[in-house]
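Just so we're clear, the structure is a prediction, and the values are computed from it rather than from any experiment. Residue numbers start from 1 in every chain, and the chains themselves are labelled A, B, ... in the order their sequence lines are given, proteins ahead of strands.
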Amino acid sequence: MKNKDIPTNTNFFDLVFQVVRLVPKGRVTSYGAIAKYLGTARSSRMVGWAMNKSHHHPIPIPAHRVVNRLGILSGKHHFANPTQMQQLLEQEGIKVKKDQVVHFKKLFWDPEIELKL
DNA sequence: TAGCTGACGAAAA
DNA sequence: TTTTTCGCCAGCT
């Protein structure tokens with residue numbers, strides 16, 4: 001365990017994936033929220049990075065439920081089709097306007113709050 | 001092997 | 001208040 005105190009089976013990526021999968025349908029979260037929940041608030045970039053790798057991940061990751069802290073579909077361009085992300089969100093009842101989640105503040109799902117103890 | 005990039009965010013200027 | 005810079009760490013070239 002040279003990599004700090006984090007065991008190999010508790011990779012940052014896997015941790016991110018698990019949190020993302022916990023996001024309930026019709027809700028969205030942000031990269032920073034996940035990063036913060038994992039204790040690496042300043043590693044928000046890594047969260048998005050993990051999403052990138054999610055395509056190669058064995059388990060399905062609802063990456064469309066993860067947006068930046070402004071509620072903007074930052075990663076829509078990484079989907080098969082840029083519109084797919086919005087489509088998926090709308091299917092879950094989330095309204096998207098101009099690549100931005102409507103009422104993002106209300107739909108925001110914070111792991112620190114929802115998963116807290 | 002070494003360095004660059006990257007779906008962000010927060011602090012500093 | 002707005003804009004700019006730094007941090008973060010792992011995967012990819």
Side-chain angles (χ1 to χ4, degrees):
Chain A
M1 308 175 211
K2 297 194 296 186
N3 294 327
K4 302 181 179 180
D5 300 324
I6 303 175
T8 316
N9 61 333
T10 324
N11 284 341
F12 181 80
F13 278 45
D14 290 332
L15 222 44
V16 172
F17 295 143
Q18 293 194 40
V19 175
V20 175
R21 282 188 313 166
L22 291 174
V23 179
K25 182 181 178 182
R27 293 287 172 134
V28 291
T29 188
S30 67
Y31 305 97
I34 296 171
K36 192 174 182 180
Y37 175 71
L38 297 178
T40 54
R42 291 177 181 171
S43 304
S44 48
R45 293 173 112 194
M46 282 30 304
V47 178
W49 203 263
M51 296 289 98
N52 200 316
K53 191 187 161 205
S54 68
H55 286 284
H56 202 297
H57 207 268
I59 57 177
I61 309 297
H64 59 278
R65 292 181 191 157
V66 185
V67 296
N68 66 4
R69 89 177 199 77
L70 298 177
I72 300 173
L73 284 56
S74 331
K76 66 172 184 181
H77 213 49
H78 282 266
F79 282 76
N81 295 309
T83 54
Q84 187 176 15
M85 188 172 184
Q86 182 174 334
Q87 294 271 324
L88 290 169
L89 289 172
E90 290 181 338
Q91 284 178 30
E92 297 184 354
I94 300 174
K95 295 178 182 177
V96 180
K97 194 75 174 179
K98 294 180 182 179
D99 301 333
Q100 186 172 8
V101 176
V102 180
H103 301 306
F104 170 69
K105 195 174 180 180
K106 289 161 62 178
L107 298 173
F108 183 68
W109 184 84
D110 191 339
E112 280 193 304
I113 298 175
E114 306 296 334
L115 300 179
K116 71 177 181 183
L117 308 176

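In this structure, CG of A:Leu89 is placed 18 Å from P of B:dA7, rounded to the nearest angstrom. The distance between atom CZ of A:Arg42 and atom C1' of C:dC6, rounded to the nearest whole Å, is 10 Å. Protein atom CG of A:Leu38 is 16 Å distant from nucleotide atom C1' of C:dG7, rounded to whole Å. As a whole-Å value, the separation of A:Arg45 CZ from C:dC6 P is 12 Å. Look at CE on A:Met46: it is 12 Å from C1' on B:dC4, rounded to the nearest Å. Taking atom CH2 of A:Trp49 as the reference point, atom C1' of C:dG11 lies 6 Å away to the nearest angstrom. Straight-line distance from the NE2 atom of A:His56 to the P atom of C:dC12: 8 Å, rounded to whole Å. Atom NZ of A:Lys53 and atom C1' of C:dC9 are 12 Å apart (whole Å).
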*List the steps, then state whether side chain to side chain contact (heavy atoms under 4.5 Å, CB included) holds for A:Met51 with A:Val16.*
CA-CA 8 Å; A:Met51 296 289 98; A:Val16 172; 3.7 Å; yes
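Distance check on atom C1': C:dT3 versus B:dA7 gives 22 Å, rounded to whole Å. The P atoms of C:dC6 and B:dC4 are separated by 15 Å, rounded to the nearest whole Å.
Across all strands shown, A:Ser43 has heavy atoms under 4.0 Å from sugar-phosphate atoms exclusively, and none from any base. At the heavy-atom level, A:Asn52 lies under 4.0 Å from base atoms of the strands shown. As judged by a 4.0 angstrom heavy-atom cut-off over every strand, A:His64 is placed among residues making no nucleic acid contact. Counting non-hydrogen atoms under 4.0 angstrom, A:Thr40 reaches nothing in the nucleic acid. If you check every strand for non-hydrogen atoms under 4.0 Å, A:Ala41 touches nothing.
Out of C:dG11, B:dG9, B:dA7, the shortest distance to the side chain of A:Asn68 is found at B:dG9. Closest to the A:Phe13 side chain, of the nucleotides B:dA7, C:dG11, B:dG9, is C:dG11. Of the candidate nucleotides C:dG7, B:dA7, C:dG11, C:dG7 has the atom lying nearest to any side-chain atom of A:Ser44.
When side chains are defined from C-beta on, A:Phe12 counts as touching A:Val47, because their heavy atoms get closer than 4.5 Å.
Contacts of A:Phe79 classified as ring-ring contact (aromatic ring centres under 6.0 Å, His included), with partners at least two apart in sequence or in another chain: none.
Between the side chain of A:Thr29 and the main chain of A:Trp109, a donor-acceptor pair closer than 3.5 Å is present.
With A:Glu92 as reference, A:Arg65 is the one residue of A:Arg27, A:Gln87, A:Arg65 to meet the side-chain hydrogen bond (donor to acceptor under 3.5 Å, both in side chains) rule.
C:dT3 is paired with B:dA12 under the Watson-Crick or G-U wobble criterion, all donor-acceptor distances under 3.5 Å.
Scanning atom types as modelled, no donor and acceptor separated by under 3.5 angstrom connect the side chain of A:Arg69 and the base of B:dC8.
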